[in-house]
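Counting starts at 1 for both ligands and their atoms, following the listed order.
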Amino acid sequence: MFEQDVPLPPCNFVIFGATGNLASKKLLPALYRLELAGRLPEGLNFIAFARRDWDNAAWVSHMREVLARVGATGPGLERFIARFDYLKGELHDPEAYAALKDVLARPKLGVCSNVVFYLAINPDDFPAVIKHLDGVGLSKPRGLHRVVVEKPFGQDLESALALNELLHRHFDEEQVFRIDHYLGKETVQNLLVFRFANTLIEPLWNRNFIDHVQITVAESAGIEQRAGYYDRAGALRDMIQNHLLQLLTLVAMEPPPSLDADALRDEKVKVLRSIRPVPRNGVNTQALRAQYRAGSSPAGPMNGYQEEGGVAPGSVTETFAAAKFYIDNWRWRGVPFYLRTGKRLRENLSMIAIRFRHPPQQLFRETPIEVIDPNWVILSLQPEESMHMEIHAKQPGLGMDTRVLRLNACYRNPDDQPLDAYETLLLDVIEGDRTLFIRFDEVEWAWRVVDPILRQWSQERDFIASYPAGSWGPQESTRLFDSEQTAWRNSVELD
Ligand code: BG6
C-alpha cells in the first residue's frame, strides 16, 4: 500500500475542525510525517477550516506549537506549513461554503480538481457540512471529490441509517470514506496474516480449543478537552461500537475468498450478524458501565469525570464499558468474547488476549505442578506491537516443575519506523484507496449489536458505578465472566 508508482494528482485537502483535538493530536502530526517521508504529492494544498477568528499567521503559529510536540523542525516543517491556508467559517453558515468554493477555485499550483473533505468535527455537525457542501456544488465532480467521515457514524442504529441516507442523497458511495483508524494499525492488519498465513494457527482457532477471547483498549488519559463530544457519546459509542467490534470481527471471521476489500467486509459483516442479540433483560449480565472518580497516578492526583471542564452536572456518561458477546456460528458457539475499554485506567494497554482451553486430561495432578494454567496467545497493539504465545515447559532440574515460556514475536525490528494508523489511512484517502475504510453495513450491524445496551442504559439515568482514576476499572467487571477462574489480563506479561 505504501509503494507508489504513479505521480499523484494535485489535490486540495480541506480539514473541517482544523483547530480541534483530532486534528492536533492525530491528523497534523500524521500528515507532517507523510511530508517528511516525501509521500505528499507536490501540488497538495491544505485548507484549515475552523471557527476561530484567526488569520493565516495565527494558524501558522498554532501549527508550529502543535507540531513542536512531535519534534517538528527544519525545512520539512516549513514545506508542510507552506501548503496550508486558513479559512474561518461556521459549519452551519452557507456563506462559509461559498467562500470555501472560492478558495478551492484558486489553487496555489495549477488546476486542481481533486478535493478531500475531512470531517474532523463533532458528529452532530456532519449533516450540516454534507448538505452545505452539496449546496454549493462541492459534491461534484463525483470521481474526484471525496468526503472522509470520522466515527461514531450516528448515535445509534436509527440515526446512523438516517445519516447514511443523507450522505447518499448528496454523495455517491464511492466518494465516502468512513474511517475507523484501528484498521490502519499495523497489528490489526497483521491479524489477518497471523491467522491466515500460518497453518499452525487455523486448526486451533475455534470453540474446540479456545476458551474465551478478551479485547482490551485501556487508556490512561482522561477525556482531555473533548467533553462536548464525549459527554454525549460515552465509551460504548466512542470505542466499542467501532474499534473493539472491528477487532472482534477480525479475530472471529472466516477466511475470505480473497483479500479484496469487499470480500473482507462480507466476512466481517457475517460475524456481526452472528452475534447473539443482547436481550433487554440480559443487559445487566452482559454489559457494565462505570465512570471515573477522583484518583491518583504516580504523576499525582487526578480529577474525577464530574470535575472535568464541560461535563454536564450529574452526568451518567460511562467512561468505562465492558460487554460480553457470543457469536452463534459453528466456529464460535459458546465462546465468550469479553470487550472492555476505559479512560483514566492504570496504563495504556490495547491487546487481544486469546485463552485456550485446559488440556482434557490433568496428567500432572499428582506432581508439584497440580493444575496447569491454560495457554494464551496475546496480540498486543499498545504500548508495543507484538505477538506472544505462552506455553509450558519443564523447568530444568530435579522434579517435575514447569515454567511458562513466552514466545515473543515482536515483529518490529528496532530500526523499523513506527507508523501511525492515520499515516496509512490519510495516504489512502489521498490516493483514493478505500480498502481499509468501513462499508455501511458494517456500521449498521455494529449498531445492531450495541443498540439494546444503549437503549437500556439511556433509561437508567439515576446512577452510574464509579472507579478511581488510575485503577483498572470497576471490580464488578469480573461479574461478566462465565467462569470464576477467568480474570482480566492487565498485561502482556503474566501477572
Ligand atoms: C478515538 C476515540 O477514536 O480513539 C478516543 O474517540 C480514543 O476517545 C482514541 O482516545 C484511541 O485511539 P488510539 O489509536 O490512541 O488507541
Side-chain angles (χ1 to χ4, degrees), residues 17 20-30 33 69-70 118-126 148-155 160 177-191 215-248 250 289 291-292 302 305 308 310-311 315 317-322 339-352 379-386 418-426 436-438 442-443 446-447 450 469 473 492:
N21 188 279
L22 176 67
S24 306
K25 274 186 73 176
K26 302 277 194 182
L27 304 184
L28 292 176
R33 281 192 290 267
R69 290 179 216 144
V70 292
Y118 199 112
L119 274 49
I121 51 177
N122 193 318
D124 292 347
D125 294 321
F126 291 166
V148 186
V149 188
E150 269 286 344
K151 49 129 289 258
F153 192 93
Q155 277 280 311
F177 288 67
R178 294 180 199 84
I179 199 164
D180 181 322
H181 76 276
Y182 269 52
L183 296 188
K185 288 185 187 263
E186 203 82 64
T187 313
V188 177
Q189 294 182 45
N190 196 30
L191 199 54
I215 302 180
T216 297
V217 178
E219 296 181 275
S220 57
I223 56 157
E224 301 178 322
Q225 284 77 46
R226 299 168 73 214
Y229 152 73
Y230 196 90
D231 204 33
R232 279 172 47 75
L236 190 66
R237 285 191 182 90
D238 186 47
M239 299 292 289
I240 293 192
Q241 189 272 343
N242 33 78
H243 304 327
L244 278 85
L245 279 178
Q246 280 291 328
L247 296 180
L248 177 148
L250 290 167
R289 64 179 172 162
Q291 192 182 76
Y292 60 84
M302 291 183 291
Y305 181 71
E308 305 279 21
V311 168
S315 163
T317 298
E318 79 283 358
T319 58
F320 176 99
L339 276 50
R340 71 173 164 160
T341 184
K343 301 276 185 199
R344 279 281 184 249
L345 295 182
R346 173 89 56 88
E347 284 166 26
N348 283 323
L349 174 80
S350 305
M351 66 178 191
I352 300 165
L379 300 156
S380 161
L381 284 77
Q382 248 183 182
E384 52 168 21
E385 292 170 318
S386 56
L419 190 68
D420 186 82
Y422 272 95
E423 287 170 61
T424 308
L425 297 175
L426 285 165
L436 293 179
F437 293 80
I438 307 281
E442 295 177 70
V443 180
W447 279 123
V450 298
V492 291

Assess whether a salt bridge exists between Lys25 and Glu224, defined as any Lys/Arg side-chain N lying under 4.0 Å from an Asp/Glu carboxylate O.
yes
Looking only at heavy atoms, the pair that brings Ala233 and Glu318 closest together is O-OE2, 4.2 Å
In terms of side-chain heavy atoms, does Asn242 have a donor or acceptor partner in Tyr182 at a distance below 3.5 Å?
no
How long is the straight-line distance from CD of Glu150 back to NZ of Lys26, given to the nearest 0.5 Å?
10.0 Å
Using distance alone, determine whether His243 and ligand 1 share an N or O pair under 3.5 Å.
yes
Ligand 1 to Lys343, heavy atom cutoff 4.0 Å, flagged ligand atoms 5 (C), 7 (C), 8 (O), 10 (O)
Heavy-atom pairs closer than 4.0 Å: do any link ligand 1 to the side chain of Lys26, the backbone, both, or neither?
side chain
List every atom of ligand 1 that sits less than 4.0 Å from any heavy atom of Glu219, numbering the atoms from 1 in the order shown and giving each element.
7 (C), 10 (O), 11 (C)
Give the atoms of ligand 1, by number and element, whose distance to some non-hydrogen atom of Asp238 is under 4.0 Å.
2 (C), 5 (C), 6 (O), 8 (O)
Output, in order, the C-alpha distance, side-chain angles, deciding distance and verdict of side chain to side chain contact (heavy atoms under 4.5 Å, CB included) for Lys343 and Tyr305.
CA-CA 10 Å; Lys343 301 276 185 199; Tyr305 181 71; over 6 Å; no
Taking distance alone, with no angle check, do Tyr229 and ligand 1 share an N/O pair under 3.5 Å?
no
By the definition side chain to side chain contact (heavy atoms under 4.5 Å, CB included), identify the one residue from Ile240, Leu245, Thr341, Leu248 that meets it with Ile215.
Leu248
Taking 4.0 angstrom as the limit and counting only heavy atoms of Lys151, give me the atoms of ligand 1 inside it, by number and element.
1 (C), 2 (C), 3 (O), 6 (O)
In ligand 1, the atoms that come under 4.0 Å of a heavy atom of Tyr182 are 12 (O), 13 (P), 14 (O), 16 (O)
Compare all side-chain heavy atoms of Leu381 with those of Glu186 and state whether any distance is below 4.5 angstrom.
no
protein heavy-atom neighbour closest to atom 5 (C) of ligand 1 works out as Arg226 NH1, 3.3 Å
Atom 12 (O) of ligand 1: which protein heavy atom is closest, and how many Å away?
His181 NE2, 3.1 Å
With rounding to the nearest 0.5 angstrom, report the CD to CE distance, Glu385 to Met351.
15.5 Å
Check ligand 1 against Lys185 and write out every atom of the ligand that is under 4.0 Å from a heavy-atom position of the residue.
13 (P), 14 (O), 16 (O)
